[in-house]
Amino acid sequence: VLTDPIILCGATLANYLSLPAVFYVRGLACNLHYEIPQCPSPLSYVPRFFTLNSDQMTFFQRVENALVAFLELEYCHHFSEDARKLSSEVLQRDVSLQDLLSSASIWLLRLDFVFEYVRPVMPNMVFVGGMNCAKRK
């Protein structure tokens, strides 16, 4: 199932039908597109999006980065609550956001690796660049 993981309907359908999922995504909130495939992302090195820090942080910026990372988890939990309830009803079991999205076979990331911070990625993550379906002028 080729789907966008932001709307969890495709991930729920893939889990319900026991089919592999291919996620095509620009980025998920809370860096979930790196955390769910279990990519190493040390808080002391990789800055969070909302902090606007660089990868060379002072001690206080690293503390701020860690606090933002912990607050993001609560935000994501609240943000996806309705979709998780619907998925739990369809799948007839309690599911978390990680349960739904960890079934991905391939992550097609619409990120340009040149503009991202250097970090290791898992073998099932493929950078496809900034593909856009808009018509050219």
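Keep in mind that the numbers below use all heavy atoms, side chains included, and drop hydrogens, waters and symmetry copies.
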Tracing side-chain contacts under 4.5 Å among Ile, Leu, Val, Met, Phe, Trp and Tyr outward from Met57 reaches none
Value for OG1 (Thr58) from CD (Glu64), rounded to nearest 0.5 Å, stands at 8.5 Å
Side chain to side chain contact (heavy atoms under 4.5 Å, CB included) filter on Val95, not counting sequence neighbours, yields Ser87, Ser88, Leu91, Arg93, Asp99, Leu100
Residue pairs meeting salt bridge (charged side-chain N to carboxylate O under 4.0 Å, His left out), one or both in residues 27-42, sequence neighbours left out, come to Glu35-Arg48
Smallest heavy-atom separation, Pro40 atom then Pro120 atom, equals CG-CG, 3.7 Å
Is there a chain of hydrophobic side chains (I, L, V, M, F, W, Y, each step under 4.5 Å between heavy atoms) that links Met122 to Leu101? yes
*asked:* side chain to side chain contact (heavy atoms under 4.5 Å, CB included), that's the test. Do Leu109 and Val25 meet it? Break it down for me.
replied: CA-CA 5 Å; Leu109 298 175; Val25 65; 3.6 Å; yes
The side-chain contact (heavy atoms from CB on, under 4.5 Å) partner of Trp107 among Val128, Val22, Ile36 is Ile36
If hydrophobic clusters are built from ILVMFWY residues whose side chains come within less than 4.5 Å, do Ile7 and Leu2 share one? no
Rounded to the nearest 0.5 angstrom, the CE-CD1 distance for Met125 and Ile106 is 12.0 Å
Q) Distance-only, no hydrogens or angles: does the Asn65 side chain make a donor-acceptor pair with backbone N or O of Gln61 under 3.5 Å? A) no
Hey, any chance Phe70 and Phe60 share a hydrophobic cluster, counting ILVMFWY side chains that come within less than 4.5 Å of each other, even indirectly? no
Value for CD (Glu89) from OG1 (Thr12), rounded to nearest 0.5 Å, stands at 11.0 Å
The reported gap from OG in Ser105 to CG in Leu19 (rounded to nearest 0.5 angstrom) is 9.5 Å
Practice item. Begin with the C-alpha distance, continue with both residues' side-chain angles, and end with the deciding distance and a verdict on side chain to side chain contact (heavy atoms under 4.5 Å, CB included) for Leu8 and Leu97. Key: CA-CA 9 Å; Leu8 295 175; Leu97 196 58; 3.6 Å; yes
Could you check if a side-chain atom of Thr3 sits within less than 4.5 angstrom of a side-chain atom of Phe23, using non-hydrogen atoms only? yes
